[in-house]
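Scope of the values below: all heavy atoms of this structure, side chains included, with no hydrogens, waters or symmetry mates. Per chain, numbering begins at 1; letters A, B, ... match sequence-line order. It should be emphasised that the depicted structure is a prediction, and the values quoted were computed from it without experimental measurement.
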Amino acid sequence: MQTIKQYLNQLVSQALGKVADISAANANVITASRPEFGDYQANGIMAIAKQMKTNPRELAIRVVAELDTVNEPLVASFKIAGPGFININLNSKALCERANLIRQENNPLISTAEQPSTIVIDFSSPNLAKEMHVGHLRGTIIGDCLARVLETKGHRIIRQNHVGDWGTQFGMLIAYLQEVSADTEELPTRLADLETFYRAAKERFDSDPSFAESARQSVVKLQSGDSVYLDIWKQFIEESLSHCEAIYSRLNVTLSRSDLCAESFYNKELEDIVNKLDNISLITVSDGAKCVFLPEFSGKDGTPLPTIIQKSDGGYLYATTDLAAARYRYQKLEADRALYVVDARQSLHFQQVFAVARKAEFVGPSLSLEHIAYGTMMGADGKPFKTRSGGIVKLKELLDEGVKRAFDLVTEKNPQLDETLRRQIAERTGIAAIKYADLSKNRTSDYIFEWSSMLSFDGNTAPYLMYAYARIRSILNKHEVKDNNYSITLLSSNEERNLLLKILQLSEIVDAVAADCYPNQLCNYLYELAGIFMRFYEACPILQAEGEVKISRLALAAFTAEALAQGLDLLGIEPLEQM
RNA sequence: GCGCCCGUAGCUCAACCGGAUAGAGCACCGGCCUUCUAAGCCGGGGGUUGGAGAUUCGAGUUCUCCCGGGCGCGCCA
């Protein structure tokens, strides 16, 4: 089923195209910017009038005249306003019919794409040498949200967790592991606090030249495939992965073992990547390193910017790996889109990798390569984030703190609930609040890490949305009737009508997120939806109402719960029946 | 030096891709629980969208310059 916006845009665009005799006329229909303008508005008339060098109001009059020749049941009126806007009011009865069609005929609230495609999403991708910290939160949950959204749209989603499991630091860690304990049985204990382990190893590396030397030798042995070293490495990776999985599970993130595609997966491809680039004369050796110089990456003074593909000592770099990964997405995974949910600081790197990949035809034009960049985490002082001691905050610590605060709150609000239930509620709401605090911000801007805003439960937060859901469930549970038997038939108040229209717009927002990959749009929508529900809840008694009004309101409440649950699910947040 | 991103209310952020009177939350002030969960609802104050130009019916959004902040840029990932 088309969304209302799609439908109206098509309708008005066709009329506009007919009247203006322009084939690609876009009426640019959006939801009305103010309630007094109606439900939707067409903004495109003025742009076309300018193109035609004609009066926009006159053009609008002709478009509306054209629209009025069609008896369109969904639309109550088209009205011209201002310099040439067309304000659109919808027919309330038609809205009810549309809603009941979705509820009772098992049509999805979120429409699926006409053309399913294969989309690879690279996200989370922690470095397995260290423990996950708060900086990993964004990429992990934004990627997860996008995967859920695109999957719901009916696309084939291939999640790729491109974890860092290779390189010099693993030599250091293995050397340190051997030094402190020859017995690998102790590994889990040793690595219980991965971060501390890493720091200790780093300290040894920096302060003791002989240790640094043995670390370097470990790398060589590891890379040459020495079975003893490889074995330790594997155990190390395994242990570190189980740390990550514990976090994913708590965060309700849809990443599993089968989504793993570590850096080392591409090791055997790297030599070939360099050879292919060499064969087409893209490689220039500069100071002993193999580089690709592309004209689009030269500075204004003409000095070209290299993409280093192979170090002078023969080692490969992450550009090499990313080229192999891009080729894999195109050739093996046959993707139409490849999304890389990665920190914005790597945007130059991705521009270069994408350009080289295209130049070398590692990927064809059918694959869209997209860096889904997100902002850097800052401290409260606006400078790059560090704790007072100069360290980092572990992701686990943040989650624990969120759950603890949620437990205190639920205990204060609902002391009569038994403790097990309060613990469950706290786990859900605490973690949801943290995720939502991050997802609800525009991903491209840098963001401030603050305990207080991260762990807030008031206002525009996940608990607010979950609370709206719990209120509805509470009503529906009291009534004990199968929801879908009821129809939405009366929109006797503005609150009811606003709520219904908003629910029907979920699909429009999901389309926007699927196209542009901004989860905060979905958060904004859900916050507005919950807010409109709260107003409905205050203004319109449900269980106390009678007859058809009661039935219709119950159905509307059930429909709201459905929209909220689906929206929250796309954010990776599970609502509660009670809180 | 070159390049990318950002600057919106005291604080944290929106603003559907150039649209109509720039909106929320937090904080602050005032009202609403014998009626479906007060993690809520209603009301109030608070803005030269960093500054100056330009483009046009119309600019927070596009362009130029300036100021301020962040981040990248040859052998880490």
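A/Asn87 comes within contact range of at least one nucleobase, with a heavy-atom separation under 4.0 Å. A/Tyr527 comes within 4.0 angstrom of sugar-phosphate atoms only, judged by non-hydrogen atoms across all strands, and of no base. Here A/Gln41 lies in heavy-atom contact (under 4.0 Å) with a base. Among the protein residues, A/Glu577 comes within range of the nucleic acid bases, having at least one heavy atom under 4.0 Å from a base atom. Residue A/Asn28 is classed as a sugar-phosphate contact, given heavy-atom separations below 4.0 Å to backbone atoms only.
Between A/Tyr464 and A/Tyr527, a ring centre-to-centre spacing shorter than 6.0 Å is recorded. When ring centroids are compared, A/Tyr266 and A/His162 come within the 6.0 Å threshold.
If you take CZ of A/Phe533 and P of B/A39, they are 14 Å apart, rounded to a whole angstrom. Rounded to whole Å, the distance from NE2 on A/His349 to C1' on B/C76 is 12 Å. In this structure, the CD1 atom of A/Ile532 is 12 Å from the P atom of B/A24, given to the nearest Å. At whole-Å resolution of the value, OH in A/Tyr537 and P in B/G40 are 13 Å apart. At whole-Å resolution of the value, CE in A/Met579 and P in B/A39 are 9 Å apart. Distance A/Tyr436 OH to B/U12 P: 19 Å, rounded to the nearest Å. What separates CG of A/Asp438 from P of B/C13 is a distance of 11 Å, to the nearest Å. Per the geometry, CD1 belonging to A/Ile542 stands 13 Å off C1' belonging to B/U35, to the nearest Å.
Taking every side-chain heavy atom of A/Ile475 into account, B/C36 is the closest of B/C73, B/C36, B/A39. Listed nucleotides: B/G74, B/A20, B/A38. Nearest to the side chain of A/Ile308: B/G74. Among the nucleotides B/C16, B/A38, B/C73, the one closest to any side-chain atom of A/Leu348 is B/C73. Considering only side-chain atoms of A/Ile30, the nucleotide from B/C16, B/C57, B/G72 that sits closest is B/C16. In this structure, the nucleotide among B/A14, B/A20, B/C73 sitting nearest to the side chain of A/Arg34 is B/A20. Side-chain proximity of A/Ala289 to B/C75, B/G25, B/A14: nearest is B/C75.
With C1' as the reference atom, B/G19 and B/A59 are 10 Å apart, rounded to whole Å. Distance noted for atom P between B/U61 and B/C6: 12 Å (whole Å). Here the separation of B/C65 from B/C2, taken at their P atoms, is 12 Å to the nearest Å. Nucleotides B/A39 and B/C33 are separated by 15 Å at their C1' atoms, to the nearest Å. With both ends at atom C1', the span from B/G23 to B/G46 equals 14 Å, rounded to whole Å. The gap from the C1' atom of B/G25 to that of B/A14 amounts to 10 Å, rounded to the nearest Å. When the C1' atom is compared between B/C57 and B/C41, the two are found 41 Å apart, to the nearest whole Å. Using P as the reference atom, B/G70 and B/C13 are 16 Å apart when rounded to the nearest Å.
Contact annotation: A/Arg535 side-chain N/O to B/C42 OP1/OP2 distance is under 4.0 Å. At B/C76, one or more side-chain N or O atoms of A/Lys311 fall inside 4.0 Å of OP1 or OP2 (strictly under the cut-off). Regarding contacts with the backbone of B/A39, a side-chain N or O of A/Lys413 is found under 4.0 angstrom from either OP1 or OP2. Distances shown here put every side-chain N or O of A/Thr376 at or beyond 4.0 Å from the OP1 or OP2 atom of B/C71. The phosphate of B/C73 (OP1 or OP2) has no side-chain N or O of A/Arg345 nearer than 4.0 angstrom. OP1 or OP2 of B/G7 has not a single side-chain nitrogen or oxygen of A/Ser445 nearer than 4.0 Å.
Judged by atom type and distance alone, A/Lys290 does not reach the base of B/C75 through any side-chain donor-acceptor pair under 3.5 Å. Checked by distance alone, A/Asp458 brings no side-chain donor or acceptor within 3.5 Å of a matching partner on the base of B/A38. For B/C5, its base never sits under 3.5 Å from the side chain of A/Thr444 at any donor and acceptor pair. Taking only distance into account, the side chain of A/Ser312 meets the base of B/C75 through a donor-acceptor pair shorter than 3.5 Å.
Under the 3.5 Å distance criterion, with hydrogens and angles disregarded, no donor-acceptor pair is assigned to the side chains of A/Gln160 and A/Tyr340. No hydrogens or angles considered: a donor-acceptor pair under 3.5 Å links the side chains of A/Ser507 and A/Ser111. Counting only N and O atoms by type, the side chains of A/Thr444 and A/Asn442 include a donor and acceptor under 3.5 Å apart. When only modelled atom types and interatomic distance are considered, A/Glu496 and A/Asn498 share no side-chain donor-acceptor pair under 3.5 Å. Side-chain polar atoms of A/His349 and A/Asp322 form a donor-acceptor pair below 3.5 angstrom. For the residue pair A/Gln10 and A/Ser13, no side-chain donor N or O sits within less than 3.5 Å of a side-chain acceptor on the partner. One side chain, A/Ser125 or A/Asp122, offers a donor N or O that lies under 3.5 Å from an acceptor on the other.
Nucleotide B/C73 forms a pair with B/G1, judged by Watson-Crick or G-U wobble geometry with both contacts under 3.5 Å. As the counterpart of B/G60, no nucleotide is assigned, since no Watson-Crick or G-U wobble pattern has both distances under 3.5 Å. Figure legend. B/G10 is base-paired to B/C26; pairs are counted as Watson-Crick or G-U wobble with both atom distances under 3.5 Å. With a cut-off of 3.5 Å on both Watson-Crick or G-U wobble distances, the partner of B/U55 is given as none. Pair assignment for B/G40 gives B/C32, based on Watson-Crick or G-U wobble hydrogen-bonding distances that are each under 3.5 Å.
Residue order along RNA chain B, read from the 5' end via each residue's closest nucleotide, puts A/Ile86 first among A/Ile86 and A/Tyr318. Take the nearest nucleotide of RNA chain B for A/Ser347 and for A/Ser474: the residue whose nucleotide is more 5' is A/Ser347.
No side-chain heavy atom of A/Leu305 sits less than 4.5 Å from a side-chain heavy atom of A/Ser298.
In this pair, A/Phe85 lays its aromatic ring flat on the base of B/A20, centres within 5.5 Å and planes under 30 degrees apart. Stacking annotation: A/Tyr464 is not stacked on the base of B/A39 (requires ring centroids less than 5.5 angstrom apart and an interplanar angle below 30 degrees).
Using a 90° window around 0 for the glycosidic torsion, B/C33 falls inside it and is classed as syn.
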